[in-house]
Amino acid sequence: MSRRRMVLGVVAAVVVVAIPLVASSCGRAREAAEAASQEFRARITRGAYGEIVRSATPEFRNATTEGDFAKAMEGVNGRLGAWQSSGEPTWKVLAGTGGQTVTLVYNSQFERGAATEEFVWRVRQGRPQLAGYHVKSYALVAQ
């Protein structure tokens, strides 16, 4: 067997083993992010805005204060009302040396209208931290 064939065989074997491992890791990160999204909603319902900010990534904490985040979420709640339901999210997982970034996009129903919610989670060692939350709805801009 030539050296080139042997190297290609080793590379192929590594790929065959690595793909299921990466896929499994991405699946676990997505599941952790989905559970964290449900916990986020429970905290919003309780008005525990400070808990959300304090448990978020440093980038999130540097981008907003607890008070500003509370005002923003109270504004969303005032316009949309309480969250009621969401379908299955679309998602993507990006893996890097610092962990995984999971983006979940939900089509959600609130008391007074529909909205698209986007959660961005950084998952390190199986623990998701909020890196971003965006909500879009016509009800938020309607007068």
Side-chain angles (χ1 to χ4, degrees), residues 3-142:
R3 180 169 170 80
R4 181 179 173 158
R5 279 185 170 228
M6 187 172 17
V7 168
L8 288 175
V10 169
V11 169
V14 168
V15 168
V16 166
V17 171
I19 288 175
L21 290 175
V22 170
S24 174
S25 174
C26 289
R28 285 191 305 273
R30 180 183 53 81
E31 289 170 0
E34 286 183 27
S37 297
Q38 294 306 314
E39 176 60 26
F40 173 95
R41 291 189 179 116
R43 287 176 171 176
I44 291 292
T45 299
R46 291 193 321 265
Y49 308 118
E51 286 180 24
I52 293 169
V53 174
R54 287 189 300 274
S55 66
T57 63
E59 298 87 0
F60 188 92
R61 292 191 312 266
N62 290 334
T64 190
T65 65
E66 289 182 28
D68 287 344
F69 183 73
K71 286 178 193 173
M73 293 298 95
E74 287 168 359
V76 169
N77 190 51
R79 291 284 184 141
L80 289 174
W83 174 85
Q84 295 181 325
S85 65
S86 294
E88 287 293 314
T90 59
W91 56 273
K92 69 179 173 183
V93 178
L94 301 174
T97 56
Q100 297 160 312
T101 300
V102 180
T103 303
L104 302 171
V105 179
Y106 292 89
N107 290 320
S108 299
Q109 186 62 46
F110 289 78
E111 282 178 313
R112 292 187 280 282
T116 300
E117 292 180 288
E118 179 187 68
F119 292 89
V120 180
W121 298 97
R122 296 269 161 62
V123 181
R124 291 187 179 104
Q125 299 175 350
R127 295 185 62 228
Q129 284 186 288
L130 186 66
Y133 175 71
H134 310 95
V135 59
K136 299 174 191 165
S137 174
Y138 288 114
L140 291 174
V141 294

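The residues of the chain are indexed from 1 along the displayed sequence. Quick caveat: nothing in here was measured; it's all calculated off a predicted structure.
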So, taking the atom named [atom1] in [X] and the one named [atom2] in [Y], what distance separates them when rounded to the nearest 0.5 Å?
{"X": "Glu59", "Y": "Leu130", "atom1": "CD", "atom2": "CG", "answer": "11.0 Å"}
{"X": "Trp91", "Y": "Leu104", "atom1": "CH2", "atom2": "CG", "answer": "9.5 Å"}
{"X": "Thr64", "Y": "Met73", "atom1": "OG1", "atom2": "CE", "answer": "9.0 Å"}
{"X": "Ser85", "Y": "Phe110", "atom1": "OG", "atom2": "CZ", "answer": "9.5 Å"}
{"X": "Gln100", "Y": "Arg30", "atom1": "CD", "atom2": "CZ", "answer": "12.0 Å"}

Ser86: side-chain hydrogen bond (donor to acceptor under 3.5 Å, both in side chains) partners, not counting sequence neighbours: Arg41, Trp83, Ser108

Is it true that Arg122 and Thr57 share a donor-acceptor pair across their side chains at a distance under 3.5 Å?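 The criterion, which ignores hydrogens and geometry beyond distance, is not satisfied for Arg122 and Thr57.
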
Less than 4.0 angstrom from a charged side-chain N to a carboxylate O is my criterion; do Lys136 and Glu117 meet it? no

Should [X] and [Y] count as side-chain neighbours, where that means a heavy-atom distance under 4.5 Å?
{"X": "Glu66", "Y": "Arg54", "result": "yes"}
{"X": "Thr116", "Y": "Tyr106", "result": "no"}
{"X": "Asn77", "Y": "Ile44", "result": "no"}
{"X": "Val120", "Y": "Tyr133", "result": "no"}

On a heavy-atom basis, which atom in [X] and which in [Y] lie closest, and how many Å separate them?
{"X": "Arg79", "Y": "Val141", "result": "NH1-C, 4.4 Å"}
{"X": "Gly78", "Y": "Arg112", "result": "O-NH2, 2.9 Å"}
{"X": "Pro128", "Y": "Ala36", "result": "CG-CB, 3.6 Å"}
{"X": "Glu34", "Y": "Pro89", "result": "OE2-CG, 3.8 Å"}

Taking atom CD of Glu88 as the centre, does the number of heavy atoms from other residues, nucleotides or ligands within less than 6.0 Å exceed 12?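 12 or below, so no.
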
Do the side chain of Arg61 and the main chain of Ala56 share a donor and acceptor less than 3.5 angstrom apart?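 Present.
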
Identify each donor-acceptor pair in which a side-chain atom of residues 46-53 lies under 3.5 Å from a protein atom, sequence neighbours left out, and give them as a table.
residue, atom, partner, partner atom, Å
Arg46, NH2, Glu51, OE1, 2.9
Glu51, OE1, Arg43, NE, 3.2

Go through the steps for Val135 and Leu80 under the test side-chain contact (heavy atoms from CB on, under 4.5 Å), then give the verdict. CA-CA 10 Å; Val135 59; Leu80 289 174; 4.2 Å; yes

